[in-house]
Amino acid sequence: TTKGGEIMKIVIVGLGVIGGGYAMALKDSGYTDVYGVDKDVETLKKAKALGIIKEGYKNENEIIKSADLIVLAIYPNLVKNFIINNKENFKSGVIITDVTGIKQLFINEIAKILPKEVDFIFAHPMAGREKKGIDYATNKVFKGANFLITVTDKNKDENLNLIEELAYKMGFKHIKKISPKYHDEIISFTSQLPHVLAVALINSDIDGRNTGEFIGDSYRDLTRIANINESLWSQLFLGNKNNLLKSMKAFEVEFNKILKCIEDEEDEKLLRWVYHEHNQETLAAAWINGYEVEKEKQYEVILCNGQSLKT
């Protein structure tokens, strides 16, 4: 909980689902000097009542002047303006980090306007909830989750290590350091495309047939993320437009293959499409990385070909 031998003062800007979850995780990790900034007074009251912040502020101007670490848990389109508005308020040596799901939209612009003595470690916790607001915040979603650090040539090693260590303390298990370009490419497939598909599936339903009375686990699993924060996700989709379109078109190609197989009743071709070596490897990796495996337990993944894979 220290930086340079002193207690680290942390300011979280935005106490919604992720910002609130960060505050909870920091509290559980022993960080005691944590403050919150949010435009909603009720949110600040709730955060203080929960004991996850020392004090709350509607305006960040004063509190960030003494911050050692600033966590920006705000929408992507607000990040650049936050830096512009507070350029004169950052103390020398402060570390800023974020939680946004896209990076190339603003990372280069921020690098140009960021004061020399400020280090911005761009990060992306791969965990969240479909709801919004502090009432739905929890740090449980961080346990065993992935955490991405987007490295720039201006980042200092000691600051990258500090954010990495912080992520581990908050419960994240798999931490990767990648480039902004690769971040947005892979996220378009692993995060944004699934959200697009979930929304499309829900929207393709026929009105008035009480679908909820006929669903099983498969429908529930596929549509869990469809109830998204539309303001945030619209920004994420458009902010990563080219990468997302590429992922959507690749999916469309595969979807059309199975559509054609079914139309033409080509059972052997359909079998080959459903079972594919690459599918098996990806499926196994997704399942294994999705669980925090305890030493005394063994998880079993059954692949489509009946092969059993134990971890």
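The figures that follow rest on heavy atoms only: side chains count, while hydrogens, waters and symmetry mates do not.
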Backbone N or O of [Y] within a donor-acceptor pair of the [X] side chain at under 3.5 Å?
X	Y	value
S191	I187	no
D221	S218	no
D184	Q104	yes
D98	A123	yes

Task: side-chain contact (heavy atoms from CB on, under 4.5 Å) evaluation trace for D33 with I10 - done: CA-CA 6 Å; D33 207 23; I10 302 173; over 6 Å; no

Take a 6.0 Å sphere around [atom1] of [X] and say whether it holds more than 12 heavy atoms from other residues, nucleotides or ligands.
X	atom1	answer
K58	NZ	no
K156	NZ	no
K65	NZ	yes
E88	CD	no

Salt bridge present between [X] and [Y] (N-O < 4.0 angstrom):
X	Y	answer
K169	D28	no
K112	E109	no
K249	E252	no

Beyond-backbone contact of [X] with [Y], side-chain heavy atoms, under 4.5 angstrom:
X	Y	answer
V11	Y57	no
T97	L69	yes
L197	L222	no
L114	K154	no
V199	F237	no
I63	E55	no
V17	L232	no
K103	H124	yes

Task: Residues in ring-ring contact (aromatic ring centres under 6.0 Å, His included) contact with F172, at least two apart in sequence or another chain - done: F142, F147

Taking all atoms of both residues into account, what is the closest heavy-atom pair of [X] and [Y], and its distance?
X	Y	value
N146	H174	OD1-CB, 3.0 Å
I175	E164	CD1-O, 3.5 Å
N61	I64	O-CG1, 3.8 Å
G36	I53	N-CG2, 3.8 Å
L15	A23	CD2-CB, 4.5 Å
N229	K132	ND2-CD, 3.5 Å

- [ ] In sequence, state the C-alpha distance, the side-chain angles, and the governing distance for L259 and N256, and then conclude on side-chain contact (heavy atoms from CB on, under 4.5 Å).
- [x] CA-CA 5 Å; L259 180 73; N256 286 334; 4.0 Å; yes

So, taking the atom named [atom1] in [X] and the one named [atom2] in [Y], what distance separates them when rounded to the nearest 0.5 Å?
X	Y	atom1	atom2	value
L270	D264	CG	CG	11.0 Å
L105	Q235	CG	CD	8.5 Å
T32	L26	OG1	CG	10.5 Å
N240	L245	CG	CG	9.5 Å
I228	S234	CD1	OG	7.0 Å
I95	N159	CD1	CG	3.5 Å

According to a hydrophobic-cluster definition based on side-chain heavy atoms being under 4.5 Å apart (Ile, Leu, Val, Met, Phe, Trp, Tyr only), do [X] and [Y] belong together?
X	Y	result
Y182	I149	no
M8	Y168	yes
L166	L148	no
M126	M170	no
V13	I113	yes

Open item on the list: Please verify the inter-ring angle class for F122 with F120; under 30° counts as parallel, over 60° as perpendicular, anything in between as tilted.
Closed with: parallel

Task: By salt bridge (charged side-chain N to carboxylate O under 4.0 Å, His left out) - contacts of K27 (at least two apart) - done: none

- [ ] Give the intermediate values and the outcome of side-chain contact (heavy atoms from CB on, under 4.5 Å) for residues I83 and F106.
- [x] CA-CA 11 Å; I83 302 299; F106 53 73; over 6 Å; no

- [ ] Begin from the C-alpha positions of I52 and I12 and carry the test side-chain contact (heavy atoms from CB on, under 4.5 Å) through to its verdict.
- [x] CA-CA 11 Å; I52 58 176; I12 301 173; over 6 Å; no

Task: Full working for side-chain hydrogen bond (donor to acceptor under 3.5 Å, both in side chains) between S66 and K9 - done: CA-CA 7 Å; S66 55; K9 185 172 187 175; 2.5 Å; yes

- [ ] With salt bridge (Lys or Arg N to Asp or Glu O under 4.0 Å) as the test, would you mind laying out the steps for K45 and E42 before giving the verdict?
- [x] CA-CA 5 Å; K45 286 179 182 176; E42 287 305 309; 3.6 Å; yes

